[in-house]
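Below: one structure, written as structure tokens.
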Amino acid sequence: MGKNPKGAEMNGTPNTATAGVTDTVRVRMAPSPTGFLHIGGARTALFNWLFAKHHNGTFILRIDDTDTARSTDESMHEIYDALKWLGINWDEQYVQSERRNIYDRYVSQLLESGNAYRCYCTPEELEEIRAQARADKLTRSYDGRHRHLTSEDVERFVAEGRKPVVRIKMPDTPILVEDIVLGSRSIDPDTLEDEVIVRSNGMPNYNLTSIIDDAEMQITHVIRGTEHLNNTPKQIAIANALGLGVPQFAHIPLVLDSSGRKMSKRHHGDLVAVNRYREQGYLPEAVLNFVARLGWSYDDKQEIFSVDELIEKFDLARVGKSGSVFDIKKLEWLNSHYINQLDVSARTDAVIPFWQAEGLINSTGQRDWLENIVEAVGERLTTLQDIIPQTRYFFTDEFEYEPKAVKKWWGGSEEKKEKTREILTNLLQILEETPSFDVETVETAIWKYTDENDIKRVAAMQALRIALTGTSFGPSLFDIVALLGRDEVLKRIPKAIANL
RNA sequence: GCCCCCGUCGUCUAGCCUGGCCAAGGACACCGCCCUUUCACGGCGGCGACACGAGUUCAAAUCUCGUCGGGGGUACCA
């Protein structure tokens, strides 16, 4: 694979040869709709999409729903939603269950050419074969025993009510698998067994439909997870038997959990659900940037990539071979970066749904006030969801005084508590008398009090902070006082004193 | 069991193809200091890796072989 010859195009060279793969790339993302889109799937989608965009190609979404028992409409829509949220848009879309006749046609061809055959083995029989093969340390289990059935055999099986599957006859010559990421290798045919390509209920199987559709849809590059590596020679064998060409393959390393195992819906649940990250207040830019760097890098310094930069810089040649551990800390870092990147207005827009979901606001009529709150919170959000603990007290005075904060700043002993009551009482009086309630006036008044009475600033400030917010952390206290307003502040201090 | 893939700081990685510039660079995390009304931000500093063993070579993280370790697959799932 050569470099993208963009330069040649810019020169306006009027030939087609120099364009190379640039304008003919066709890739696909082929999820099976058996659950939410998971993080690994999102990365596969992203790599395909980036590759397509980079080469001015076509990105196709193909729903591989041949497993009718597990596929659901709901899941299909969840996948659409997740992809749209990420901004990964597709140019063409196909659903495999609507393409039965195409697969049936190819199966007939395989049967007629003698490259496939019906197998009447029962599940029990297959189980036995497997067990025996394992005991004998064989490299494959199914032994092709129904390759050459007599018509009497068939009649007998049919009479017994057995429903056959269709199996592909694997070749007896090595299969060359070329992979852009992993390199080339030759697969010993003795390790391949006659795969089932059509189930006994007549439904075709993944290895068959996948490679047929790749050919039918003129896919040029198959970019998928390495869990499919062992399927590749099988699919190539099927394509060969059908006389179809095969795309180029690029198997990307797995996304692993912290103990090094493949992330899966089954074992990791919500942790891998893309939609879950959206609900928790992650930005799509952050998720995209994060998964892009799982298994791919541009150079030895750049970590932050806008989508446009990703498109410009993505290259399969820089995809690594080993699996990558999903580290949520890094995602969080990226997320806070992208949140901070938003201006106050955009950040307010982003955060409003979270306030609403929490029941803290019901209209946006107080827009200016909300923006001021967001401004005061500043760079304290790791996720949008963090806006709740950071700002709850602005919307209600029904909050708990955090025990740890109380103990540390209000005092563990009665003596210290008494001192705190005194400070709060004095502050109350100062704030009652202060001519205006803007940040500067309040600040001046409070500093004057602490400094003149030889009270530690931090002690007074934290005592007041807890009285006003119930917590020991958050935005500048003067901002909080100003945003809460005189009435609210003068109401909360006595209440705090009473609770001391 | 069998088949296949992989192996640089705790994590993501640069470097490996085209041996020397690598007493291995960056980022996240962690720790410390500074800033500071708190918590974050930010600034500065610290901790920290070539899986192991042979071989080739003047020289190996880089090439070769072996060992060990990890992972994926092994379905009438995809």
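Every chain is numbered from 1, with letters handed out A, B, ... down the list of sequences.
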- Message: Each nucleotide in nucleotides 21-43 of chain B should get exactly one letter: B, S or -. Can you fill that in based on protein heavy atoms under 4.0 Å?
- Response: ----BBBSS-------BBBSS--
- Item | Where protein sits on nucleotides 66-78 of chain B, one letter per nucleotide: B base, S sugar-phosphate only, - none, heavy atoms under 4.0 Å | -----SBS-SBBB
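Between the side chain of A:Ser141 and the backbone N or O of A:Arg130, no donor-acceptor pair lies under 3.5 Å. Side-chain atoms of A:Arg318 do not come within 3.5 Å of backbone N or O of A:Asp315 as any donor-acceptor pair. In terms of modelled atom types and a separation under 3.5 Å, the side chain of A:Ser75 and the main chain of A:Gly35 share a donor-acceptor contact. Checking side-chain atoms of A:Thr434 against main-chain N and O of A:Ile430 turns up no donor-acceptor pair under 3.5 Å.
A salt bridge between A:Asp327 and A:Lys329 is absent, with no side-chain N of the basic residue lying under 4.0 Å from a carboxylate O of the acidic one. A salt bridge links A:Asp451 to A:Arg457: one of the charged nitrogens lies within less than 4.0 Å of a carboxylate oxygen. The pair A:Arg62-A:Asp64 counts as a salt bridge, with a side-chain nitrogen and a carboxylate oxygen less than 4.0 angstrom apart. With salt bridges taken as basic N to acidic carboxylate O contacts below 4.0 Å, none links A:Glu402 and A:Lys404.
A parallel orientation is assigned to the rings of A:Tyr120 and A:Phe157, their planes being inclined by less than 30° (bins at 30° and 60°).
Summarising the base pairing, B:rU62 is matched to no nucleotide, lacking a Watson-Crick or G-U wobble pair whose two defining distances lie under 3.5 Å. Using Watson-Crick or G-U wobble geometry with both donor-acceptor distances under 3.5 Å, B:rC47 finds no partner in any strand shown. B:rA14 is unpaired under the criterion used here, namely a Watson-Crick or G-U wobble arrangement in which both key atom distances are under 3.5 Å. The partner of B:rG1 is B:rU74, by the rule that a Watson-Crick or G-U pair needs both atom distances under 3.5 Å. Across all strands shown, B:rC68 is found opposite B:rG7 as a Watson-Crick or G-U wobble partner, with both distances under 3.5 Å. The partner of B:rA40 cannot be assigned: no Watson-Crick or G-U wobble pair with both contacts below 3.5 Å exists in any strand.
For the C1' atoms, the distance linking B:rU18 with B:rA61 amounts to 16 Å, nearest Å. Nucleotides B:rG25 and B:rG72, compared at atom P, are 32 Å apart to the nearest Å. For the P atoms, the distance linking B:rG19 with B:rA60 amounts to 14 Å, nearest Å. Atom name P, nucleotides B:rG43 and B:rA27: the rounded distance is 10 Å, in whole Å. Between the P atoms of B:rA49 and B:rC2, the separation comes to 36 Å (whole Å). When the C1' atom is compared between B:rC77 and B:rA14, the two are found 38 Å apart, to the nearest whole Å. Comparing the C1' positions of B:rA40 and B:rC34 gives a spacing of 16 Å, expressed to the nearest Å. Look at the P atom in both B:rC58 and B:rG66: the space between them is 24 Å, to the nearest Å.
Cation-pi geometry between A:Arg167 and A:Tyr142 is met: under 6.0 angstrom from the ring centre, within 45 degrees of the axis.
Nucleic acid contact class of A:Leu464 (heavy atoms, under 4.0 Å, all strands): none. The residue A:Arg318 sits close only to the backbone: its heavy atoms come under 4.0 Å of sugar-phosphate atoms, none of a base. When heavy atoms are screened at a 4.0 angstrom cut-off, A:Gly295 is found touching the sugar-phosphate backbone but no base atom.
Taking side-chain N and O atoms only, A:Ser324 has a distance below 4.0 Å to OP1 or OP2 of B:rU13. The side chain of A:Ser297 contributes an N or O atom lying less than 4.0 Å from OP1 or OP2 of B:rA14.
The distance from atom CZ of A:Arg224 to atom P of B:rC5 is 16 Å, rounded to the nearest whole Å. Whole-Å rounding puts the A:Lys321 NZ to B:rC4 C1' distance at 14 Å. For the pair A:Ile328 CD1 and B:rC12 C1', the computed distance is 14 Å after rounding to whole Å. Atoms CD1 (A:Ile252) and P (B:rC6) sit 15 Å apart, rounded to a whole Å.
Applying the 6.0 Å contact sphere to OH of A:Tyr298 captures no more than 12 heavy atoms from other residues, nucleotides or ligands.
In B:rC47 the O4'-C1'-N dihedral to the base is more than 90° from 0, which defines an anti nucleotide.
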